[in-house]
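One structure is given below, encoded as structure tokens.
Since the model is a prediction, treat every value here as computed from it, not as a measurement. Letters A, B, ... mirror the listed sequences (proteins, then strands); counts begin at 1.
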Amino acid sequence: MLDLGWAFWPLALFVFTLVIGIIAPISGVGGGVLFVPLTVAFFPFNVDFIRGAGLIMALTSALSSAPHLMKKGLANLRIMAPVVVVSMITSIIGGIVGLWVTNAFPTGKYYIYIALGIVLFIIFVVMLTSKRVEFPEVTSIDPISAKLGISGAWYEPSLDKVVEYRTTKMPVALPAFAAVGFIAGMFGLGAGWANVPVLNLLMGAPIKVATSTSMLIITVNDAAAAWVYLANGAVLPLIVIPSVIGITIGSRIGARIAVRARPRFVRYLVMGVMLLAAVLDIQKGLSGLGMI
Amino acid sequence: MKEEVVVEPMNVTFARTMEIFTYIGLVLMIAPGIIYLVSGAGFVGVESAVEHWNEPSSTFWKETKGIEIHGYSWFLNNLSYMDCLSIVGIVLLAVTPLISIIAALPKADSRYKVILGVLVLEFLFAIVRPLLMHVTGH
């Protein structure tokens, strides 16, 4: 029989990720970006194991959805491959730096809490201010994108036709993806919040292509960073398994609800919770350092 | 009438490979993981894990097993335990993008063959880096 003494936290984690999974598709805020800061704020696990679980969770979600989106023509290897040549390296470096900080310094985890809170503030601002363009107009193509022949097409049911698209500004996008890869690896966050605006607003990918290709980018970046966490023993099944099961079941329920209703207030509510988590993470970090 | 979309063979092969390995990886991760959670026994017993899961990973392993972790032998040498078997599922998930890229390589045009080739090398570096750094004493 289960001793609820030790089973309490894994069970709480399961319920918590189930709720995140349900809310994420309804609010349009990625589950990966909610998991790490909220778990840091409310659960007793070390941030090393939380980041490891966050990476595996984001990886599992992306691996489960990317193939279906690729077969529809929405997620495109032609866009993803040149981008991850850069971001895979930075996500590995992010993982190494993140684990080094917590393991090399006695107070390292508090610096990570503070940095995570600051990153959350940035994510909050990006989410609040970035617009989504359904079908951006691409008037000129940069030489790299032209040489690589980056283009694609998918059947859009709302228009009842096949939509063709091209992307541009690859040289400007690459440094942005490098920064995103580093943050994803360092904090174990899903990076859809940053990938999508870069793909959509900067490179001119239609919003559906941007969200789908972002999934594909996450599969590679998070898988590469996961090796850093595995090699340092920062992946604990006791934390990973309830999280993955919870988010998987929750996101299926959430996706069904989202088809019927996506009230705007839910998005703002979740973003408010994110802001609260940012404050709590910074407060936890500062009090750990004895500064407050 | 619904128009047909022709998806590039490189994308289709990548997607099919990813789909298959993701299913296998998920089963391999979750089935032993649940057994581990229910039984409470593993390479690291749950009671011991709970006691030290608030410590950084290096301290956690010193306290629970008296070992330092460098690389993958900590779970590869202990596959009779369900928690380590569950990690093998995670490993399979973490190697799935690499397998998918290798599968898509023959279907890619010459420019993408080069890019995907670079990705394969980067991925292999990500996997062997911890082993190389340990051997060279870093």
Side-chain angles (χ1 to χ4, degrees), chain A residues 2-3 6-7 9-10 44-46 48-49 56 59-60 63-64 66-68 70-73 75-78 81-82 84-85 88-89 92 99 102-103 108-109 147-149 153-155 160-162 219-220 223-224 226-228 230-242 244-245, chain B residues 2-8 10-12 14-16 18-19 22 25-26 29-30 33-34 36-38 40 42 44 46-47 49-50 53-58 60-61 69-72 74 83 86-87 90-91 93-98 104 109 111-112 115-116 118-119 122-123 126-127 129-130:
Chain A
L2 278 179
D3 173 5
W6 69 259
W9 286 112
F45 320 128
N46 186 273
D48 287 359
F49 302 119
I56 304 303
L59 173 66
T60 308
L63 284 172
S64 302
H68 173 67
M70 285 184 91
K71 286 182 195 166
K72 282 183 149 184
N76 193 343
L77 202 52
R78 279 195 180 271
V84 296
V85 165
M88 197 198 307
I89 293 289
I92 297 167
L99 285 176
T102 47
N103 286 278
K109 69 175 177 181
K147 203 149 197 158
L148 294 175
W154 87 99
Y155 171 74
D160 192 25
K161 69 171 190 177
V162 171
T219 63
V220 177
W227 287 99
V228 179
L230 280 165
N232 283 280
V235 178
L236 277 190
L238 196 53
I239 298 172
V240 172
I241 301 300
V244 169
I245 297 175
Chain B
K2 187 178 165 180
E3 291 182 64
E4 286 293 318
V5 181
V6 180
V7 179
E8 269 190 86
M10 171 176 78
N11 274 313
V12 174
F14 186 98
R16 282 187 185 149
M18 184 170 270
E19 210 164 29
T22 299
L26 279 174
M29 173 179 73
I30 290 174
I34 291 174
Y36 169 63
L37 286 176
V38 172
V44 181
V46 285
E47 300 277 2
V50 169
W53 62 16
N54 60 332
E55 309 276 6
S57 54
S58 55
F60 173 90
W61 287 102
I69 303 284
H70 298 286
Y72 313 114
W74 64 277
D83 51 344
S86 177
I87 296 283
I90 294 173
V91 163
L93 292 173
V95 85
T96 291
L98 171 63
D109 58 41
R111 284 161 296 187
Y112 271 84
I115 294 175
L116 295 181
V118 172
L119 288 182
E122 285 186 14
F123 228 117
I127 297 168
R129 184 202 58 82

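With sequence neighbours left out, B:Phe60 forms a ring-ring contact (aromatic ring centres under 6.0 Å, His included) with A:Phe49. A:Trp154 pairs by the side chain to side chain donor-acceptor pair (under 3.5 Å) definition with A:Glu156, not counting sequence neighbours.
The most heavy-atom pairs under 4.5 Å with chain A, out of B:Val46, B:Val118, B:Val95, come from B:Val46. Chosen from A:Ala224, A:Pro10, A:Ala226, A:Pro237, the residue pairing most often with chain B at heavy-atom distances under 4.5 Å is A:Pro237. For chain A, the option among B:Phe14, B:Trp74, B:Trp53 with the highest count of heavy-atom pairs below 4.5 Å is B:Trp53. Taking B:Val91, B:Thr22, B:Asn11 one by one and counting their heavy-atom pairs under 4.5 Å with chain A, the maximum is reached by B:Asn11. Among A:Thr219, A:Leu148, A:Thr102, the residue making the largest number of heavy-atom pairs under 4.5 Å with chain B is A:Leu148. Among B:Ala104, B:Pro56, B:Gly33, the residue making the largest number of heavy-atom pairs under 4.5 Å with chain A is B:Pro56. The greatest number of non-hydrogen atom pairs below 4.5 Å with chain A, out of B:Val12, B:Thr96, B:Ile87, B:Leu26, is found for B:Ile87. When the candidates A:Gly73, A:Pro44, A:Ala75 are compared by the number of heavy-atom contacts under 4.5 Å with chain B, A:Pro44 comes out ahead. Note on B:Val50, B:Asp109, B:Ile90, B:Ile127: by heavy-atom pairs under 4.5 Å with chain A, the leading option is B:Ile127.
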Practice prompt. Please step through side-chain contact (heavy atoms from CB on, under 4.5 Å) for the pair A:Met88 and B:Leu119, ending with a clear verdict.
Written response: CA-CA 8 Å; A:Met88 197 198 307; B:Leu119 288 182; 3.7 Å; yes
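A 4.5 Å side-chain heavy-atom check between B:Ile34 and A:Ile245 finds at least one atom pair inside the cut-off. A:Lys72 places none of its side-chain heavy atoms less than 4.5 Å from the side chain of B:Val5. Under the 4.5 Å side-chain criterion, counting only non-hydrogen atoms from C-beta, B:Tyr36 is not in contact with B:Ser86. In this structure, B:Tyr112 and A:Pro82 have side chains that are in contact, with non-hydrogen atoms separated by less than 4.5 Å.
Around atom NZ of A:Lys71, more than 12 heavy atoms belonging to other residues, nucleotides or ligands sit under 6.0 Å away.
Nearest approach of B:Pro97 to B:Ala94, heavy atoms of both residues: CD-O, 3.9 Å. For the residue pair B:Asn54 and A:Lys109, the shortest heavy atom distance occurs at O-NZ, 3.9 Å. Contact between A:Met70 and A:Leu77 at its shortest, heavy atoms only, is CE-CB, 4.2 Å.
Neither the backbone nor the side chain of B:Val6 comes within contact range of chain A; no heavy atoms are under 4.5 Å apart. The part of A:Ile92 that comes within reach of chain B is its side chain, from C-beta onward, which places non-hydrogen atoms under 4.5 angstrom from that chain. Within the 4.5 angstrom heavy-atom criterion, atoms from both the backbone and the side chain of A:Leu238 approach chain B. For a residue to count as touching a neighbouring chain, one of its non-hydrogen atoms must lie under 4.5 Å from one of that chain's; by this rule A:Leu59 touches chain B with the side chain only. Proximity to chain B (any heavy atom under 4.5 Å) is shown, for A:Val235, by both the backbone and the side chain. With a threshold of 4.5 angstrom between heavy atoms, B:Leu98 does not approach chain A through any atom at all. Using a 4.5 Å cut-off between heavy atoms, A:Ala66 contacts chain B through its side chain alone, with no backbone atom that close. Only the side chain of A:Asp48 has a heavy atom closer than 4.5 Å to any heavy atom of chain B. With a 4.5 angstrom heavy-atom cutoff, B:Val44 does not touch chain A via any of its atoms. The contact between A:Ile56 and chain B is made entirely by side chain atoms (from C-beta outward), counting heavy-atom distances below 4.5 Å. Contacts of B:Tyr72 with chain A are made by side-chain atoms alone, with heavy-atom separations under 4.5 Å and no backbone atom involved. Interface remark: A:Leu230 contributes backbone and side-chain atoms alike to the contact with chain B (heavy atom separation under 4.5 Å). Heavy-atom distances place the side chain of B:Leu116, and not its backbone, under 4.5 Å from chain A. Proximity to chain A (any heavy atom under 4.5 Å) is shown, for B:Glu122, by both the backbone and the side chain.
Side-chain contact of B:Ser58 with A:Asn103: a donor-acceptor pair under 3.5 Å is present, judged by distance alone.
A donor-acceptor pair under 3.5 Å is absent between the side-chain atoms of A:Trp9 and the main chain of A:Trp6, judged by distance alone. Remark: the backbone N or O of A:Gly233 is paired with a side-chain donor or acceptor of B:Trp61 at under 3.5 angstrom.
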